[in-house]
There are 2 protein chains.
Amino acid sequence: MAVSGRQTGRPTLEEVAARAGVGRGTVSRVINGSPRVSDRAKEAVGRAIAELGYVPNRAARALAGARTDAIALVIPETESRLFAEPYFLDIIRGVSAELADADMQLLLTLIRSSKERQRFEQYLSAQRVDGVLLVSVHGDDPLPDLARELGVPAVLNGRRSAGERVAYVDSDNVGAGRSAVDHLTGRGRRRVATITGPLDMYVARCRLDGYRQGVEAAGLPADDRLVAAADFTEEGGRRAMRELLERCPDVDGVFAASDVMAAGARSVLREAGRRVPDDVALIGVDDSAGARLMDPPLTSVRQPIEEMGRRMARALLQEITGADPEPCRVVLPTELVVRDST
Amino acid sequence: MAVSGRQTGRPTLEEVAARAGVGRGTVSRVINGSPRVSDRAKEAVGRAIAELGYVPNRAARALAGARTDAIALVIPETESRLFAEPYFLDIIRGVSAELADADMQLLLTLIRSSKERQRFEQYLSAQRVDGVLLVSVHGDDPLPDLARELGVPAVLNGRRSAGERVAYVDSDNVGAGRSAVDHLTGRGRRRVATITGPLDMYVARCRLDGYRQGVEAAGLPADDRLVAAADFTEEGGRRAMRELLERCPDVDGVFAASDVMAAGARSVLREAGRRVPDDVALIGVDDSAGARLMDPPLTSVRQPIEEMGRRMARALLQEITGADPEPCRVVLPTELVVRDST
DNA sequence: GCGGGCGGTGGGAGCGCTCCCACACCGCCA
DNA sequence: TGGCGGTGTGGGAGCGCTCCCACCGCCCGC
């Protein structure tokens, strides 16, 4: 049964109106939750909608009204895949959960090349989405500002700098570094090193700041030889660990600014015959799935990634409805997950 | 400058037509690549488009025409997160790459609850996407058939059974199991066990078949005590390995049908004092990021995940344009990645 | 008792496209 | 010379909504 003759088969708002014995306008008002509708009409329309199985046509809505009921989640992947991948999935999970309730569509846009970037910029300026969520933005990324200029609501995941002007949801990266080092020094480590992310990224600088605070708080001497810059990759972590071992053979604790780099460091430590955690305690950031698989399982500072996604979505929705004129500035706390590597 | 007074600011097809000195129809024809246009007109329109920075309005297009220029990628997450997460990201990556060239939008839909499932089914029947890509479908998932009934093109990632009737892109799971066992027996292992996925999933049964073929080909006796069913989770892998150790203390090789389960097995082996690979050789499937991090690094059978995503997208696009009446049935080869666990 | 509100309503006028019909205009044939 | 088909073209008629104006009652105040 059903789905037989008709071309498109879908009932329209007009048909709903006819069945409910009201005008088109009234149906539209009911659907959009306008307060100026009598209970009687509301009920009649509701029944007609149910009977007909009516679902509003999004294209028509977008064309007639202003909104599209869709937001874009943008993930730039220009360079090497900097962040551990599960990170993105968790963000997506959070965003998706929040959007589902608002009945908004999630458009996923991976930007790999400048061509794709250009295409996305066209997208933006064509106002084809009600807002954008930007993940993994670099310090010099112009996309957030472009969105602002075009009047498209935007929310970032992470800041580009301390003075970020676009709305953002970030995690407490200074606190992450700080708690990692506190944990290390709390276990009696005295020569605590750090492997940083790329220092043109604010997130990396923040974690380094946290490290420095922790070192100072423990009354240990600041020693720049204990700081090795890397790039969030495993190979980078490996290289940095080698440097560290060479410069400071007496290192007994390492705070790697990401789990992936910690994994790199771990393999170098193994090759060098240093036991973890006996000789060198090791701690990462992200609490990624891989952390648990490492040997020994890696102590790590967890970020509430899914929650960040959720908060970003919520902030964007608010910005779209214009509920809150103040751009969202949220910094979520991190949490130490202690395992056997420390 | 720019973006000053005008309400929407975007030029319309009509304005392009006026500027090019042609009719609306002609501009539309040029944009959609119709052959029935003179070179002169084509050129004039092209210039006008460039000068005005015209970008077609998607909503209007969708409303007037039949297509929406969007496809949905559906990821059911009802139960525990069965598959390792990076899997999905790689699929997304492949799909996205292929779609970008076709200038199609990627709608991501996570289905967690029956409510979200229902919403998506409404979506489908409202014809709001030109097609669907379905990932991680279970044997009894009705979604693919629903899509078929509604006449929405669909492509699956993996089959639900040997007789799958909906278009699909799968990897050679039998071959994966077979090559894993061949590798194990090739290294002289004689008591080779397997930890399977949930046997109501076709993928799990295929890998088990491959295992059995491998055992037989090596002239080893089939022994059901060497087969332990699990569920693709780490805890499941752990439980299965314990069983195996109890039933067959002389086991010297284990083929786990996923890296995650291999990780579980590995930790049980450690606790039991069995060395890997000396006492027991261990091999997984997926070649996930975690495999490399394990100690020792895990030998694994890699699936061409990103390529699968790409092929799925390509197949779907073809099905949408109606180019190929035959539903896509692709089975991609897997590849053994040898590391230190075997 | 009459005028002015206000809650509630109907329906016209688009939104920016695609589809398709109608109509030039060309060169060809009979 | 007239007719005929084939190109190339213009533009009307929607697609299914939202927005908004106009309108109908009713109740209130004076």
Side-chain angles (χ1 to χ4, degrees), chain A residues 6-46 48-49 52-70 103 122 125-128 130 321, chain B residues 6-46 48-49 52-70 103 122 125-128 130 321:
Chain A
R6 301 166 285 166
Q7 274 292 8
T8 91
R10 307 299 314 166
T12 71
L13 186 146
E14 191 108 36
E15 297 176 49
V16 173
R19 175 151 200 143
V22 300
R24 234 171 48 251
T26 301
V27 177
S28 177
R29 263 163 294 213
V30 171
I31 290 173
N32 295 294
S34 156
R36 304 246 150 291
V37 189
S38 67
D39 287 345
R40 216 169 54 76
K42 222 176 287 184
E43 200 191 317
V45 170
I49 287 179
L52 261 33
Y54 170 75
V55 182
N57 179 318
R58 221 150 185 137
R61 217 177 215 182
L63 183 57
R67 23 184 252 297
T68 62
D69 285 338
D103 200 25
Q122 275 203 340
S125 54
Q127 316 272 354
R128 284 212 285 242
D130 292 342
T321 57
Chain B
R6 300 165 288 165
Q7 273 293 9
T8 94
R10 307 298 314 167
T12 70
L13 184 146
E14 190 108 35
E15 296 175 50
V16 174
R19 177 151 198 142
V22 300
R24 235 173 44 252
T26 302
V27 176
S28 177
R29 262 162 297 213
V30 170
I31 290 173
N32 296 293
S34 155
R36 306 243 149 293
V37 188
S38 67
D39 288 347
R40 217 171 52 76
K42 223 177 286 186
E43 201 190 316
V45 170
I49 287 179
L52 260 34
Y54 170 75
V55 182
N57 179 316
R58 222 150 184 137
R61 220 177 212 183
L63 184 56
R67 17 185 257 296
T68 62
D69 285 339
D103 200 25
Q122 276 203 339
S125 54
Q127 316 273 353
R128 284 211 285 244
D130 291 342
T321 57

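Just so we're on the same page: letters track the sequence lines, and every chain starts at 1.
Toward the 5′ end of DNA chain C lies the nearest nucleotide of A:V22, the other residue of the pair B:P56 and A:V22 mapping further downstream. Residue whose closest nucleotide on DNA chain D sits further toward the 5' end, between B:G65 and B:D39: B:D39. Of the residues near DNA chain D, B:L63 and B:R36, the one whose nearest nucleotide (by heavy atom distance) lies more toward the 5' end is B:R36. Remark on DNA chain C: of its neighbouring residues B:A64 and A:T26, the 5'-side contact belongs to A:T26, judged by nearest-heavy-atom nucleotide.
In the set C:dT18, D:dC17, D:dG16, the nucleotide with an atom closest to the side chain of B:R61 is C:dT18. When each of D:dG16, C:dT18, C:dA13 is scored by its nearest atom to the side-chain atoms of A:R24, the top-ranked nucleotide is C:dA13.
B:S38 has no side-chain polar atom (N or O) that falls below the 4.0 Å cut-off from OP1 or OP2 of D:dT7. Within the 4.0 Å cut-off from OP1 or OP2 of D:dC15, not a single side-chain nitrogen or oxygen of A:N57 is found. Between C:dT18 and B:S28, a contact under 4.0 Å exists linking OP1 or OP2 to a side-chain N or O.
Atom CZ of A:R10 and atom C1' of D:dC17 are 15 Å apart (whole Å). The distance from atom CZ of A:R67 to atom P of C:dC15 is 18 Å, rounded to the nearest whole Å. The CD atom of A:E14 sits 13 Å away from the C1' atom of D:dT18 (whole-angstrom rounding). If you take CD1 of A:I31 and P of D:dT18, they are 6 Å apart, rounded to a whole angstrom. One can place CD of A:E43 at 17 Å from C1' of C:dG8, the figure rounded to the nearest angstrom.
A donor-acceptor contact under 3.5 Å links the side chain of A:R29 to the base of C:dG10. Side-chain atoms of B:R58 stay outside donor-acceptor range of the base of C:dG16, with no qualifying N/O pair under 3.5 Å.
Side-chain atoms of A:N57 come within 3.5 Å of backbone atoms of A:A59 as a donor-acceptor pair (strictly under, hydrogens ignored). Side-chain atoms of B:D130 never come within 3.5 Å of backbone atoms of B:R67 as a donor-acceptor pair (strictly under, hydrogens ignored). At least one donor-acceptor pair under 3.5 Å links the side chain of A:R29 to the backbone N or O of A:G25.
Going from atom CD of B:E14 over to atom CZ of B:R24 covers 5.0 Å, rounded to the nearest 0.5 Å.
Heavy atoms of A:A62 sit nowhere under 4.0 angstrom from any nucleic acid atom. Counting any heavy atom pair closer than 4.0 Å across all strands shown, B:A59 reaches no nucleic acid atom.
Here B:R61 pairs with B:D69 under the salt bridge (Lys or Arg N to Asp or Glu O under 4.0 Å) rule; sequence neighbours left out.
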